[in-house]
Amino acid sequence: MRKLLTGLLIMPSLLWAAPTDELLSKLQKLESMKGQFEQMVLDQGGTHMQEAEGEFQVARGNRFYWSTAMPFEQLAVSDGNTVWVYDKDLEQVVVRPLSQDLGQTPALLFGGKPADVAEAFAISERSREGESVTYRLKPKGSDPLFDQLDVTFEGDKPRSMRLQDALGQQTVIDFRDLMINTGIDASLFNFVPPEGTDVIQQQQ
């Protein structure tokens, strides 16, 4: 009887920890990733408000290179400490310190420390079908950019992210032609503004 009661007491905590441990294990295997992306912004009713596409590279150390080609050219780059957001049409670049708050910078989910993910989010399993599993992450911090983030893996490969804000607006990012832990040119993560570009410095 004592063993049965002990088992009943322990079981819920083990079940609760499983999605967190599983997600962190997958993230731990990601030293870098690169590929194409398609992004859609949907309103609360599911109507398409905006679409974009481009290419990205992410590497451990909070480094990322996120290049949007359509509908307009924009580039976001981080070397792990600084973020540059370059708008080609406006010929300007905004420079600011990189926020270490994962609730403010979703890209750090794949480029940051996996252990930080468990500290920043409450993690649960939303759905599972075959090798496809979707985890739901809810920020623990105050004033996050989004209320919840769903990230879907196919095996150990990320396939999509879905972010929802307090107004019900959703941003859906699908990854294509994904390559995991292949060589990445580190110089991509250091941005030099083109000559004649207006540079706007922002504080965190």
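Everything numeric in this text was worked out from a predicted model, so none of it was measured.
You'll find the side chain of Trp66 reaches within 4.5 Å of the side chain of Phe37, heavy atoms only. When side chains are defined from C-beta on, Phe64 does not count as touching Val77, because their heavy atoms never get closer than 4.5 Å. Side-chain contact check for Arg162 versus Leu42: some heavy-atom pair is nearer than 4.5 Å. Under the 4.5 Å side-chain criterion, counting only non-hydrogen atoms from C-beta, Tyr86 is not in contact with Val95. Leu30 is listed as a side-chain neighbour of Pro158, based on a closest heavy-atom distance under 4.5 Å. For the pair Lys26/Gln28, no side-chain contact is recorded, criterion being any heavy-atom separation below 4.5 Å from C-beta on.
Judged by distance alone, with hydrogens and angles left aside, the side-chain atoms of Asp87 form no donor-acceptor pair with the main-chain N or O of Gln92 at under 3.5 Å. A donor-acceptor contact shorter than 3.5 Å is absent between the side chain of Asn62 and the backbone of Leu108. Panel note: side chain Thr197, backbone Pro194; a donor-acceptor pair is recorded below 3.5 Å. Between the side chain of Arg128 and the backbone N or O of Glu125, no donor-acceptor pair lies under 3.5 Å. Side chain of Arg136 to backbone of Gln148: no donor-acceptor contact under 3.5 angstrom is found.
Here Ser78 contributes atom OG and Arg63 contributes atom CZ; the two are 9.5 Å apart, rounded to the nearest 0.5 Å. How far CG of Asp177 is from NZ of Lys34: 12.0 Å, rounded to the nearest 0.5 Å. Here Ile123 contributes atom CD1 and Lys140 contributes atom NZ; the two are 7.5 Å apart, rounded to the nearest 0.5 Å.
Within a 6.0 Å radius of NZ in Lys157, other residues, nucleotides and ligands contribute more than 12 heavy atoms. In Glu91, the CD atom is not crowded: 12 or fewer heavy atoms of neighbouring residues, nucleotides or ligands sit closer than 6.0 Å.
Between Phe121 and Phe146, the two ring planes are parallel [angle under 30°; tilted spans 30° to 60°].
Counted by atom type alone, Tyr135 and Glu22 present one or more donor-acceptor pairs between their side chains at under 3.5 Å.
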